[in-house]
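For reference, the structure discussed in these notes is given below.
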Amino acid sequence: MQADALAALHEAAFGDPRAHGWGREEFARALNDPLYVVQQSEDAYALARVVADSAELILIATRPNARRRGAARAILNALEAALFAKGATTLFAEVESTNSAALALYGSEGFSETGLRRGYYGPERDAITLEKPLKS
């Protein structure tokens with residue numbers, strides 16, 4: 001089942017099987033919700049929610065042994081195409097300000113910084129908000 005595969009990949013990427021509040025049940029609900037779009041490969045997945053013409057990147061993860069090999073970039077590009085096909089024209093994301101790998105990926109993929117949420121992930125753990133226009 002796809003929810004099991006997503007939960008296993010999530011645990012491989014983040015360690016804690018409930019990291020970020022996502023486990024098998026949450027993935028199963030998302031897969032059955034028409035607002036969610038999921039792209040998955042053997043080594044990575046990306047999950048977004050679409051409302052009207054906007055999409056929000058909820059999660060993106062890559063197996064540790066596949067990092068720095070283009071898996072996240074490929075899955076993000078596939079997600080963007082699927083979101084555009086679903087009518088989204090803008091993709092929003094947020095990332096912890098210390099996550100340099102994610103910030104580098106998003107920057108190289110055309111995201112621009114739109115704001116800062118101080119303490120969003122906890123004390124001294126800020127979130128950077130990002131936005132990218134989607135095109136065919």
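Starting from 1, each residue takes its place in the sequence as its number. Keep in mind the model is a prediction, meaning the values are calculated, not measured.
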May I ask whether Tyr36 and Leu9 are part of the same hydrophobic cluster, defined by side-chain heavy atoms of I, L, V, M, F, W, Y residues being less than 4.5 angstrom apart, directly or through others? yes
Does Thr98 have any side chain to side chain contact (heavy atoms under 4.5 Å, CB included) partners at least two apart in sequence or in another chain, and if so, which? Glu96
Heavy atoms of Ala71 and Ala66 approach each other most closely as CB-O, 4.1 Å
Grab the two heavy atoms, one from Ser54 and one from Ala88, that are nearest each other, plus how far apart they are. C-CB, 4.3 Å
Can you sort out the partners of Arg118 under salt bridge (charged side-chain N to carboxylate O under 4.0 Å, His left out), two or more places apart, ordered by chain and number? Asp126
For the pair His10 and Phe27, name the ring-plane relationship: parallel under 30°, tilted 30 to 60°, perpendicular over 60°. perpendicular
Where the side chain of Thr89 meets the backbone of Asp53, is there a donor-acceptor pair that is under 3.5 Å apart? yes
Taking ring-ring contact (aromatic ring centres under 6.0 Å, His included) as the test, write out the residues that go with Phe111, two or more places apart. Tyr106
Answer yes if Val95 and Leu105 sit in the same cluster of Ile, Leu, Val, Met, Phe, Trp and Tyr residues linked by side chain heavy atoms under 4.5 Å apart, and no otherwise. yes
Any chain of hydrophobic side-chain contacts (each under 4.5 Å) joining Phe92 to Leu134? no
Check salt bridge (charged side-chain N to carboxylate O under 4.0 Å, His left out) between Arg29 and all other residues, then give those that pass, not counting sequence neighbours. Glu26
Can Leu57 be reached from Leu103 by stepping across I, L, V, M, F, W or Y side chains whose heavy atoms are under 4.5 Å apart? yes
Checking side chain to side chain contact (heavy atoms under 4.5 Å, CB included) between Ile58 and each of Leu47, Val38, Val37, which is the one that passes? Leu47
Side-chain hydrophobic cluster, 4.5 Å single linkage: members besides Tyr121: Tyr120
List the atom of Ala7, the atom of Gly23, and the distance in Å for their closest heavy-atom pair. CB-C, 4.2 Å
Between Lys132 and Glu80, does any NZ, NE, NH1 or NH2 come within less than 4.0 Å of an OD or OE carboxylate oxygen? yes
When you group the ILVMFWY residues by side-chain heavy-atom contacts below 4.5 Å and let the links chain together, are Leu6 and Phe14 in the same group? yes
Quick one: salt bridge (charged side-chain N to carboxylate O under 4.0 Å, His left out) partners of Glu109, sequence neighbours excluded? Arg73
Counting distance only, does the side-chain N/O of Arg67 pair as donor-acceptor with the main-chain N or O of Thr62 below 3.5 Å? yes
Tell me, with the steps shown, if Thr129 and Leu116 meet side-chain contact (heavy atoms from CB on, under 4.5 Å). CA-CA 6 Å; Thr129 58; Leu116 179 69; over 6 Å; no
